[in-house]
Amino acid sequence: MKVLVTGFEPFGGEAVNASLEAVLRLPAGIGACEVVTATLPTSYARALPALEAAIARARPAIVLCAGQAGDRAALCVERVAVNVQDARIPDNDGAQPADVPVVAGGPAAYLATLPVRAAVAALRAAELPAQLSMSAGTFVCNHVFYGLMHLAATRNHPFRAGFLHVPALPRPGRDRGGPSMSLDDIVRGMEIVVEAASKDG
Ligand code: PCA
């Protein structure tokens, strides 16, 4: 079974993105899954074309996209993608859409098709802080999550898909003034979510 895991380039003036650092450290195999990875630009215009190309190349059975949520202290398994783009800050191309749908005429929301509750339970069983999240926000992560689920719903090639928000990495010697999680724990968390996704159904 092939799984595509994606992370985002740094954004908002930060030097690193925990989601990408973790994706780059994933092993080539997790349980029965062959792992393929891709980097997505933090850009409303470019992220979904990059994701679509990666899916076309890999033809995965499972797609897990990951992004960093710097204000969160737990691994957040996202449940709902909404058809809204509303940016608090500009993306990496300087775009800052307000109140625009991801897909004009698309459904208001999509639900993740990964076993979100089993994933959260598995993370907690491994003593990692984890939450089932009801909102991936309205920035580029939600945009990609919605576009991912729209692709899964409208393409012939079926795959299960979901989104994981991860905390920021600690910055030794510099108080970034917010919650963080070690890279080891984030990588372990991603592996656990992939494993849970490959087991269910
Ligand atoms: N986090 C942002 C976009 C890219 C990322 O890693 C978000 O939560 O929308």
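Both ligands and their constituent atoms are indexed starting at 1 by order of listing.
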Student: If you measure only the distance, is there a donor-acceptor pair under 3.5 Å linking the side chains of S133 and R72?
Tutor: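 Yes, R72 and S133 have a side-chain donor paired with an acceptor closer than 3.5 Å.
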Student: Please list, in number order, the atoms of ligand 1 under 4.0 Å from a heavy atom of T42.
Tutor: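 Under 4.0 Å from T42, ligand 1 has these atoms: 3 (C), 4 (C).
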Student: Taking 4.0 Å as the limit for heavy-atom contacts, which would you say applies to F8 with ligand 1: side chain only, backbone only, both, or neither?
Tutor: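 The side chain, only.
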Student: Starting from atom 8 (O) of ligand 1, find the nearest protein heavy-atom neighbour and note its residue, name and distance.
Tutor: H165 NE2, 2.9 Å
Student: What I want to find out is whether E52 reaches R155 closely enough, with some N-O distance under 4.0 Å, to be called a salt bridge.
Tutor: yes
Student: Determine whether T6 and T37 make a side-chain contact, defined as any pair of heavy atoms from C-beta on separated by less than 4.5 Å.
Tutor: no
Student: For ligand 1, which atoms have a heavy atom of C141 less than 4.0 angstrom away?
Tutor: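 So the answer, numbered in order with elements, is 1 (N), 2 (C), 3 (C), 4 (C), 5 (C), 6 (O), 7 (C), 8 (O), 9 (O).
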Student: Under a 4.5 Å cut-off applied to non-hydrogen side-chain atoms, are V5 and V194 in contact?
Tutor: yes
Student: For ligand 1, which atoms have a heavy atom of G67 less than 4.0 angstrom away?
Tutor: 6 (O)
Student: Any atoms of ligand 1 less than 4.0 Å from a non-hydrogen atom of N17? List them with their elements.
Tutor: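 The list of qualifying atoms is 5 (C), 6 (O).
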Student: Determine the minimum heavy-atom distance between F11 and Q68, stating which atoms define it.
Tutor: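 So the minimum-distance heavy-atom pair works out to CZ-O, 4.0 Å.
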Student: Number the atoms of ligand 1 from 1 as they appear, then name those within less than 4.0 Å of a heavy atom of Q68, with their elements.
Tutor: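 Result: 1 (N), 2 (C), 5 (C), 6 (O), 8 (O).
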Student: For E191, which of I30, I186, V35 qualifies under side-chain contact (heavy atoms from CB on, under 4.5 Å)?
Tutor: I30
